Student: 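Shown below is the structure under consideration.
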Number of protein chains: 2
Amino acid sequence: MKRDSRLSSVLHALLHMAGQDRPMTSDELAACMRTNPVVVRRTMGLLRQAGLVSSERGHSGGWRIKADLAAVTLRQLHEALGEPTVFAIGNRHETPDCLVEQSVNAVLDEAFAQAEALLLERFASVTLADLSAEFTRRFKEIKAPER
Amino acid sequence: MKRDSRLSSVLHALLHMAGQDRPMTSDELAACMRTNPVVVRRTMGLLRQAGLVSSERGHSGGWRIKADLAAVTLRQLHEALGEPTVFAIGNRHETPDCLVEQSVNAVLDEAFAQAEALLLERFASVTLADLSAEFTRRFKEIKAPER
DNA sequence: AAAAACGTAATAAGGTAAGTTGCATGAAGA
DNA sequence: TCTTCATGCAACTTACCTTATTACGTTTTT
């Protein structure tokens, strides 16, 4: 199954943008992420709708982070992307007539709901600032390994 | 996104089989699940490889549950199906060069790993017997509602 | 005016689960 | 033994979804 990698993509993009003072263009971000600038616009457009980034057209235009890095959680980004389906596994029929299947669905749904709740809770606990710190930590580790 | 519904399917099938003394044919199961008998054979074949069901050919052949209902967990079934990918969301690149992307991946992977662990733990805690009991409960509730 | 950038719609490409067809094989019953 | 009913299996098709691409319009700066 083809997995939705937009959350991963926008995080990558936002962290690169965070290190810049000037706006970054869709072409620059696309080059970073090995994708197409139109895909970048489409995805970043969703973040703009959520008020997390802004875009400017014309010369020296591009994308800018609008929010405080410490105030943006992965969960907000997930929501900005339209809360895409989390699981690649699911029930065969959503509202079956068969009582057996209803029972199966109920039990599976409960398990999936718990796992999704945990995932979203984890997402809510991580901010862009945290990610940035994680990057800094890794960067230092590479420059001064085996301390 | 197209979701893998085989776990849901086999649970449905197994519960129907559990209520029967005779083997059930792929055609019968396919009719229950509104699918194709070949799909049933493909999926049930995986359970047979795991030793959970047996199949017999020819007249009065079909599928039978080999194991004790109380001894088979959803997790075992998930494993029998080849442990299909749980999440519909994932990293853009699995082993990126970019240190930023590595950091993003690491944090996301951690969250996904926790959620998957919880899901599998839930799966491990539910047996076919539990599902059967859930069905019985629902069945009684319908026959004697608002007690 | 030209160049650089985003905005958006429409379409193609690529991958995966599920569905379908066809034929071989084996077991039971007439 | 012959027919029927069942699984086994391979090959192919269909459906759907994400991502990529193409094309054109619009806005802003130089």
Side-chain angles (χ1 to χ4, degrees), chain A residues 1-10 12-13 17 20 22-49 53-64 66 78 81-94, chain B residues 1-10 12-13 17 20 22-49 53-64 66 78 81-94:
Chain A
M1 165 169 311
K2 192 158 231 173
R3 298 156 93 193
D4 183 337
S5 62
R6 290 177 303 163
L7 180 59
S8 161
S9 292
V10 298
H12 187 184
M17 290 161 64
Q20 305 282 333
R22 58 177 185 82
M24 286 184 76
T25 68
S26 303
D27 279 73
E28 285 173 316
L29 292 172
C32 277
M33 304 157 69
R34 312 246 167 86
T35 181
N36 191 293
V38 178
V39 173
V40 172
R41 288 189 197 111
R42 240 189 334 239
T43 314
M44 295 298 283
L46 295 172
L47 302 196
R48 184 185 48 220
Q49 283 177 33
V53 302
S54 61
S55 61
E56 293 153 41
R57 304 216 253 194
H59 266 286
S60 71
W63 299 91
R64 243 187 247 276
K66 265 177 94 175
H78 177 67
L81 294 175
E83 304 199 64
T85 307
V86 167
F87 294 107
I89 301 179
N91 293 329
R92 180 164 174 77
H93 307 111
E94 271 322 308
Chain B
M1 165 166 315
K2 190 158 236 172
R3 299 156 91 193
D4 182 338
S5 61
R6 290 177 303 162
L7 180 58
S8 160
S9 292
V10 297
H12 186 183
M17 289 160 64
Q20 305 282 333
R22 57 179 185 82
M24 285 185 76
T25 68
S26 302
D27 279 73
E28 285 173 317
L29 292 172
C32 276
M33 304 157 69
R34 312 244 166 87
T35 181
N36 191 295
V38 178
V39 173
V40 171
R41 285 187 200 113
R42 238 185 342 236
T43 314
M44 295 297 284
L46 296 172
L47 302 196
R48 182 185 49 219
Q49 282 176 35
V53 300
S54 61
S55 62
E56 293 153 42
R57 306 216 251 195
H59 267 287
S60 70
W63 300 91
R64 242 187 249 274
K66 262 177 95 175
H78 176 68
L81 294 174
E83 304 199 62
T85 308
V86 167
F87 294 107
I89 301 180
N91 294 329
R92 181 165 173 76
H93 306 110
E94 271 322 309

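The analysis underlying the following values was restricted to heavy atoms, covering all of them including side chains, and did not include hydrogens, waters or symmetry mates. These numbers were taken from a predicted model, which means no experiment stands behind them. Below, chain A is the first sequence line, B the second, and so on; all start at residue 1.
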Student: In chain order, what residues pass the side-chain contact (heavy atoms from CB on, under 4.5 Å) check against A:S5, with sequence neighbours excluded?
Tutor: A:S9, B:R92

Student: Using atom types as modelled, flag every donor-acceptor pair under 3.5 Å from a side chain in residues 56-64 of chain A to any protein atom, sequence neighbours excluded.
Tutor:
| residue | atom | partner | partner atom | Å |
| --- | --- | --- | --- | --- |
| A:E56 | OE2 | A:R64 | NE | 3.1 |
| A:W63 | NE1 | A:S26 | OG | 2.9 |
| A:R64 | NH1 | A:D21 | O | 3.2 |

Student: Could you list all N or O pairs between the protein and nucleotides 9-13 of chain C that sit under 3.5 Å apart?
Tutor:
| residue | atom | partner | partner atom | Å |
| --- | --- | --- | --- | --- |
| C:dA10 | N6 | A:R42 | NH1 | 3.3 |

Student: Looking at OG1 of B:T85 and NZ of A:K2, how far apart are the two atoms once the value is rounded to the nearest 0.5 Å?
Tutor: 14.0 Å

Student: Please name all residues satisfying side-chain contact (heavy atoms from CB on, under 4.5 Å) with B:L46, sequence neighbours left out, ordered by chain then number.
Tutor: B:R6, B:Q49, B:L81

Student: Phosphate oxygens OP1/OP2 of C:dC6: is one of them under 4.0 Å from a side-chain N or O of A:R41?
Tutor: yes

Student: How long is the straight-line distance from NE2 of A:H12 back to CG of A:L29, given to the nearest 0.5 Å?
Tutor: 9.0 Å

Student: Which residues pass the side chain to side chain donor-acceptor pair (under 3.5 Å) test with B:T35, sequence neighbours left out?
Tutor: none

Student: Taking only the side-chain heavy atoms of B:S5 (C-beta and beyond), determine which of C:dC6, C:dA18, D:dT19 contains the nearest atom.
Tutor: C:dA18

Student: Any chance you could measure B:S54, atom OG, to B:M44, atom CE, to the nearest 0.5 Å?
Tutor: 9.0 Å

Student: What is the distance, rounded to the nearest whole Å, between atom CZ of B:R34 and atom P of C:dA18?
Tutor: 17 Å

Student: For A:M24 and C:dA4, what is the distance between atoms CE and C1' respectively, to the nearest whole Å?
Tutor: 16 Å

Student: Using atom CG of A:D4 as one end and atom C1' of C:dG15 as the other, report the distance to the nearest whole Å.
Tutor: 15 Å

Student: Rounded off to whole Å, could you give me the CD1-to-P distance for the B:I89 and D:dT19 pair?
Tutor: 10 Å

Student: The criterion is ring pair (Phe, Tyr, Trp, His ring centres under 6.0 Å); which residues satisfy it with B:H78, sequence neighbours excluded?
Tutor: B:F123

Student: Whole Å only: how far is the CE atom of A:M33 from the P atom of D:dT18?
Tutor: 17 Å

Student: Rounded to whole Å, please give me the gap between CG in B:D27 and P in D:dC5.
Tutor: 11 Å

Student: Would you kindly give the CD-to-C1' distance between A:E56 and D:dT27, to the nearest whole Å?
Tutor: 12 Å

Student: Output one line per pair: protein atom, nucleotide atom from nucleotides 28-30 of chain C, and distance, for all N/O pairs under 3.5 Å.
Tutor:
none

Student: Given C:dG7, is OP1 or OP2 found less than 4.0 Å from the side-chain N or O atoms of A:S55?
Tutor: yes

Student: For the pair made of CZ in B:R6 and P in C:dG19, what is the distance, rounded to whole Å?
Tutor: 12 Å

Student: Has A:T35 got a side-chain N or O lying under 4.0 Å from the OP1 or OP2 atom of D:dT19?
Tutor: no

Student: What residues form a side-chain contact (heavy atoms from CB on, under 4.5 Å) with A:T25, not counting sequence neighbours?
Tutor: A:D27, A:E28

Student: Of the options C:dC6, D:dA20, C:dG19, whose atoms approach the side-chain atoms of A:V39 most closely?
Tutor: D:dA20

Student: Check B:M33 against B:A13 and note the closest heavy-atom contact, atom names and distance.
Tutor: SD-CB, 3.8 Å

Student: Hey, which of these two, B:R92 or B:W63, hits DNA chain D nearer its 5' end, going by closest nucleotide?
Tutor: B:W63

Student: Mind checking if B:G62 touches a base, just sugar-phosphate, or nothing, with heavy atoms under 4.0 Å?
Tutor: sugar-phosphate

